[in-house]
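Can you keep this structure in mind? I'll have questions shortly.
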Amino acid sequence: QVQLVESGGGLVQPGGSLRLSCAASGSIFKINAMGWYRQAPGKQRELVAGITIGGSTNYADSVKGRFTISRDNTKNTVYLQMNSLKPEDTADYYCNADVLIIGSPYQREYWGQGTQVTVSS
């Protein structure tokens, strides 16, 4: 079993900052790409930021220049630094990882339970 656990969400004022963390644990041989997704009420889940095992990143246009994704491969952890937060950033944020499990030749996709981010005055 592989688990992804997010932390760091909360309530913040517009213009403020939050840092989300997601730690993966379990029967992990290797983690390839990792990413952060978000879903607001009544909307589809969307990719916020992704990062490859080599550190290449991509961002949704709406967060480019404000959010920074990073990872620590020794800790199986991915981070999302969120600056200049806007009310439209309010959503549940989910960590995602493409994991090669010990004893399996196939990559599997895993999701965290989500952490809520609310941007409001």
Side-chain angles (χ1 to χ4, degrees):
Q1 180 68 45
V2 174
Q3 295 185 121
L4 274 61
V5 179
E6 302 102 329
S7 62
L11 174 65
V12 65
Q13 293 183 325
S17 298
L18 285 174
R19 193 187 196 202
L20 306 183
S21 298
C22 173
S25 62
S27 302
I28 300 170
F29 177 75
K30 185 180 181 181
I31 301 179
N32 292 314
M34 304 184 80
W36 288 95
Y37 292 72
R38 68 186 181 187
Q39 187 168 24
K43 296 185 177 180
Q44 296 292 312
R45 185 176 297 184
E46 64 173 346
L47 175 67
V48 177
I51 185 167
T52 69
I53 191 171
S56 297
T57 59
N58 65 288
Y59 299 90
D61 288 340
S62 59
V63 308
K64 200 168 298 180
R66 300 187 297 119
F67 291 10
T68 302
I69 188 170
S70 61
R71 65 190 287 175
D72 185 339
N73 293 332
T74 67
K75 295 181 172 63
N76 289 331
T77 299
V78 63
Y79 306 93
L80 185 67
Q81 178 67 46
M82 305 185 293
N83 299 325
S84 301
L85 283 161
K86 304 175 180 179
E88 51 261 47
D89 295 319
T90 296
D92 289 327
Y93 284 71
Y94 297 88
C95 175
N96 169 272
D98 296 323
V99 181
L100 190 61
I101 303 171
I102 295 173
S104 173
Y106 302 114
Q107 181 174 274
R108 304 288 187 184
E109 184 180 65
Y110 289 88
W111 293 88
Q113 83 287 350
T115 185
Q116 187 175 45
V117 172
T118 302
V119 185
S120 176
S121 60

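Being a predicted model, the structure only gives us computed values, none of them experimental. For the numbers below, each heavy atom of this structure counts, side chains included, while hydrogens, waters and symmetry mates do not.
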Do V78 and C95 have side-chain heavy atoms sitting under 4.5 Å apart?
yes
Over all heavy atoms of both residues, which pair between P14 and S121 is shortest? Give the atoms and the distance, please.
CD-N, 3.7 Å
Ring of Y79, cation from R71 - is the NZ or CZ under 6.0 Å from the centre and inside 45° of the axis?
no
Any side-chain donor paired with an acceptor under 3.5 Å for S17 and N83?
yes
When clusters are formed by joining ILVMFWY residues with side-chain heavy atoms under 4.5 Å apart, either directly or through shared neighbours, do I102 and I28 land in the same one?
no
Do the side chains of M82 and Y93 get nearer than 4.5 Å, heavy atoms only?
yes
Verify whether one side chain among E6 and Q113 offers a donor that lies under 3.5 Å from an acceptor in the other.
yes
How long is the span from the OG atom in S25 to the NZ atom in K75, to the nearest 0.5 Å?
15.0 Å
Are W36 and Y59 in one and the same hydrophobic cluster, where Ile, Leu, Val, Met, Phe, Trp and Tyr link if side-chain heavy atoms are under 4.5 Å apart?
yes
Side-chain contact, heavy-atom cut-off 4.5 Å: V48 with F67?
yes
Would you call R45 and D92 a salt bridge, using N to O less than 4.0 angstrom?
no
Are L18 and L85 side-chain neighbours, meaning at least one heavy-atom pair lies under 4.5 Å?
yes
Under a 4.0 Å N-O cut-off, is there an ion pair linking D89 with K86?
no
Are there more than 12 heavy atoms of other residues, nucleotides or ligands under 6.0 Å from atom CD of E109?
yes
Ring centres under 6.0 Å, that's the criterion: do Y37 and W111 meet it?
yes
Any non-hydrogen side-chain atom of V12 less than 4.5 Å from a side-chain atom of T118?
no
Full working for side chain to side chain contact (heavy atoms under 4.5 Å, CB included) between N58 and I51:
CA-CA 7 Å; N58 65 288; I51 185 167; over 6 Å; no
Within the 4.5 Å heavy-atom criterion, are I31 and D98 side-chain neighbours or not?
no
Checking the side chain of S104 only, and the main-chain atoms of I101 only, is there a donor and an acceptor separated by less than 3.5 Å?
no
Non-hydrogen atoms of A49 and I69 that approach each other most closely
O-CD1, 3.6 Å
Taking everything shown except K43 itself, do over 12 heavy atoms lie less than 6.0 Å from its NZ?
no
Report yes if some heavy atom in the side chain of R38 is under 4.5 Å from a heavy atom in the side chain of E46; otherwise report no.
yes
Checking L20 against T115 for the side chain to side chain contact (heavy atoms under 4.5 Å, CB included) test, could you report, in this order, the C-alpha distance in whole Å, the side-chain angles of both residues, the deciding distance, and whether it holds?
CA-CA 8 Å; L20 306 183; T115 185; 4.1 Å; yes
For M34 and N76 the tightest heavy-atom approach is CE-O, 4.3 Å
